[in-house]
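All of these numbers come straight from a predicted model, not from anything done at the bench. The basis for the numbers below is simple: all heavy atoms, side chains too, and nothing from hydrogens, waters or symmetry mates. As the structure lists them, so they are numbered: ligands from 1, and atoms in each ligand from 1.
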Amino acid sequence: MPVITNIDDLHAIYKRRVPKMFYDYCESGSWTEQTFRDNESDFAEIRLRQRVAVDMEGRSTRSTMIGREVAMPVALAPVGLTGMQHADGEILAAKAAEKFGVPFTLSTMSICSIEDVAARTKAPFWFQLYVMKDEEFVDNLIGRAKAAGCDALVLTLDLQILGQRHKDLKNGLSAPPKLTPATIANLLTKVGWGLEMSKTTRRTFGNIVGHAKGVTDTSSLSSWTAEQFDPRLDWSKIARIKEKWGGKLILKGILDAEDAKMALQVGADAIIVSNHGGRQLDGALSSIRMLPAIMEAVGSEIEVHMDGGIRSGQDVLKALALGARGTYIGRAFIYGLGARGQQGVEEALEVIRKELDTTMALCGEKHVHDLGPHNLLVPKGFAGDWDRVERNA
Ligand SMILES: Cc1cc2nc3c(=O)[nH]c(=O)nc-3n(C[C@H](O)[C@H](O)[C@H](O)COP(=O)(O)O)c2cc1C
């Protein structure tokens, strides 16, 4: 087995092992993929301030996210179809997160159901909710998440209409994959993936099939999702969901200071500065570039988390230094999962922890809480050189 020293190593194995349809699903952004690319490349624009002769013994990456103790402030982001990247993927990723001491977030569009994950893990996980038109179904999902002991609801706000990813349309993305000559030819080269998949019965959307009215098989599912996401979602509906849930609420997909202020008003416990990994509004600015403005608007009043483009512990450090209390990884853990199952997710987390810890030491810091803008060298105008064009009076 090759030695894993960074996230790219896991990515290389992942690419070889997983069917093209699911690799492309993960590795794409919407339309031109500008935002998808910027999420990563903007991190590289920020540099680090080296400090020396500072006692570096007794360092710690431990922190809390919405009051929950975490081994490092890096949670696993909700990722739909995770159980297609590796058989029983959500269960394996949740186990890895539990072992490592970080939160796992289960997507509404997962393959393993809420109950599947709850039955195979001890640590509470977070449930990510998409708001559907069918209120009864949404209320049921909330009830199921409560019954499973989920200790936070992550409400995603940036996907009421689906951003177009060209490859998904061209590949005919589905779960399980539809057998066409092209998919069969590709699946024949993915023997390890196929063997694991043949041992599980979890191959379609576990939270939905058998729970939502009119959805008994997967063939009707794609049209159902297109029709069912609620285009009328607004702040009053968010308030209703908050009340119905009654627990900790994290609002995901905030990319503008005005929306961050609304999140504060509605009483959320945290927000995630996010553009859905560049999969929704192509042309939006990267999450890391928007973080400072959002921190300035609400940072002293609400916990601010971020995701998008994190591929290393150095990226995590940069986000924390710009004020985020917590971060999430999406693709970085999927690479590990697709490459090596639960072990791969643990390896991804360990790579990031080690990079974060070593970088902290070389920046002269002992604790993640002490990180701040003083650790960074940020290009002039990094956060402020984009003006909104205000309408002339
Ligand atoms: C393949 C894939 C599927 C995703 N599915 C969901 C989802 O079901 N719900 C959700 O809120 N976000 C979803 N996201 C977005 C992630 O939660 C997260 O915002 C994003 O992956 C962060 O960017 P990164 O992948 O660069 O770390 C998905 C992302 C990817 C890559």
Side-chain angles (χ1 to χ4, degrees), residues 7 10-11 14 18-19 21-30 33 35-44 74-86 89-90 93 103-112 114 126-132 141 152-160 162-163 165 167-168 171 173 175 205-208 225 229 233 250-255 271-281 284 286-288 290-291 305-313 315-316 318-319 324 326-338 345 348-349 352:
I7 296 294
L10 292 167
H11 181 237
Y14 165 66
V18 173
M21 178 185 291
F22 301 118
Y23 174 81
D24 284 349
Y25 168 64
C26 175
E27 214 43 17
S28 299
S30 51
E33 306 192 328
T35 302
F36 170 47
R37 287 189 299 275
D38 285 355
N39 271 349
E40 261 186 78
S41 59
D42 281 353
F43 269 112
V74 182
L76 301 191
V79 171
L81 278 79
T82 293
M84 282 290 124
Q85 303 289 355
H86 189 289
E90 289 89 358
F104 170 75
T105 317
L106 183 73
S107 165
T108 295
M109 304 309 290
S110 57
I111 302 295
C112 304
I114 300 173
W126 295 348
F127 180 67
Q128 176 265 323
L129 182 70
Y130 279 130
V131 181
M132 317 273 180
L141 276 175
L153 188 73
V154 176
L155 180 55
T156 298
L157 303 178
D158 60 2
L159 198 140
Q160 292 319 108
L162 195 65
R165 292 183 300 270
K167 287 178 194 156
D168 291 352
N171 290 333
L173 176 75
F205 298 93
N207 290 327
I208 291 171
T225 36
F229 283 80
L233 177 65
I250 304 176
L251 294 182
K252 177 171 186 281
I254 302 286
L255 204 64
I271 57 171
I272 310 178
V273 177
S274 173
N275 49 37
H276 218 101
R279 300 163 75 79
Q280 285 297 103
L281 179 62
S286 67
S287 307
I288 193 66
M290 290 310 293
L291 179 62
H305 303 170
M306 74 80 69
D307 73 18
I310 294 177
R311 303 288 181 270
S312 72
D315 294 340
V316 172
K318 290 171 185 174
T327 63
Y328 298 71
I329 50 171
R331 295 179 179 89
F333 95 80
I334 292 293
Y335 301 159
L337 178 74
V345 180
L349 286 167
I352 287 176

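Less than 4.0 angstrom separates some heavy atom of Gly308 from each of these atoms of ligand 1: 22 (C), 23 (O), 26 (O). Close approach of ligand 1 to Arg311 is summarised as follows: ligand atoms under 4.0 Å from at least one heavy atom of the residue are 24 (P), 26 (O), 27 (O). Residue-ligand proximity, Val79 to ligand 1, at heavy-atom distances under 4.0 Å covers atoms 1 (C), 2 (C), 3 (C), 4 (C), 5 (N), 6 (C). Near Ser274, with a cut-off below 4.0 Å to any heavy atom, the atoms of ligand 1 are 19 (O). Residue-ligand proximity, Arg331 to ligand 1, at heavy-atom distances under 4.0 Å covers atoms 23 (O), 24 (P), 25 (O), 26 (O), 27 (O), 31 (C). For ligand 1, the atoms closer than 4.0 angstrom to any heavy atom of Cys26 are 1 (C), 31 (C).
Tyr25 has its side chain within reach of Arg279: a pair of non-hydrogen atoms, C-beta onward, lies under 4.5 Å apart. Looking only at side-chain heavy atoms (C-beta outward), Ile114 and Leu141 come within less than 4.5 Å of each other. For the pair Ser110 and Thr82, the minimum side-chain heavy-atom distance is 4.5 Å or more. Between Arg331 and His11, the closest side-chain pair of non-hydrogen atoms is not below 4.5 Å.
No donor-acceptor pair under 3.5 Å is formed between the side chain of Gln85 and the backbone N or O of Ile334. With hydrogens and angles disregarded, no donor-acceptor distance shorter than 3.5 Å links the side chain of Arg311 to the backbone of Ala332. Between the Asp307 side chain and the Ser274 main chain, no donor and acceptor come within less than 3.5 Å of each other.
Checked against a 3.5 angstrom limit, the closest N/O atoms of Ile310 and ligand 1 fall outside it. Geometrically, ligand 1 and Gly309 share a nitrogen or oxygen pair separated by less than 3.5 Å. For the pair His276 and ligand 1, the shortest N or O to N or O distance falls below 3.5 Å. Considering backbone and side-chain N/O atoms, Tyr328 never comes within less than 3.5 Å of an N/O atom of ligand 1. Checked by distance only, ligand 1 and Gly80 come closer than 3.5 Å through their nitrogen or oxygen atoms.
Contacts of Tyr14 classified as ring-ring contact (aromatic ring centres under 6.0 Å, His included), with partners at least two apart in sequence or in another chain: Tyr23, Tyr335. Every residue two or more places apart in sequence or in another chain that forms a ring-ring contact (aromatic ring centres under 6.0 Å, His included) with Tyr130 is listed here: Phe229.
Atom 8 (O) of ligand 1 has its closest protein heavy atom at Ser107 OG, 2.7 Å. Ranking the protein heavy atoms by distance from atom 31 (C) of ligand 1 puts Arg279 NH1, 3.5 Å first. Of the protein's non-hydrogen atoms, the one nearest atom 19 (O) of ligand 1 is Asp307 OD2, 2.7 Å.
Under 4.0 angstrom from ligand 1, the non-hydrogen atoms of Pro78 come from both its backbone and its side chain. For Thr156, every heavy-atom contact with ligand 1 shorter than 4.0 Å involves the side chain, none the backbone.
Gln128 and Thr156 are linked by a side-chain donor-acceptor pair at a separation below 3.5 angstrom, with hydrogens and angles left out of the test.
Put simply, part of Tyr130 is less than 4.0 Å from ligand 1, judged by heavy atoms.
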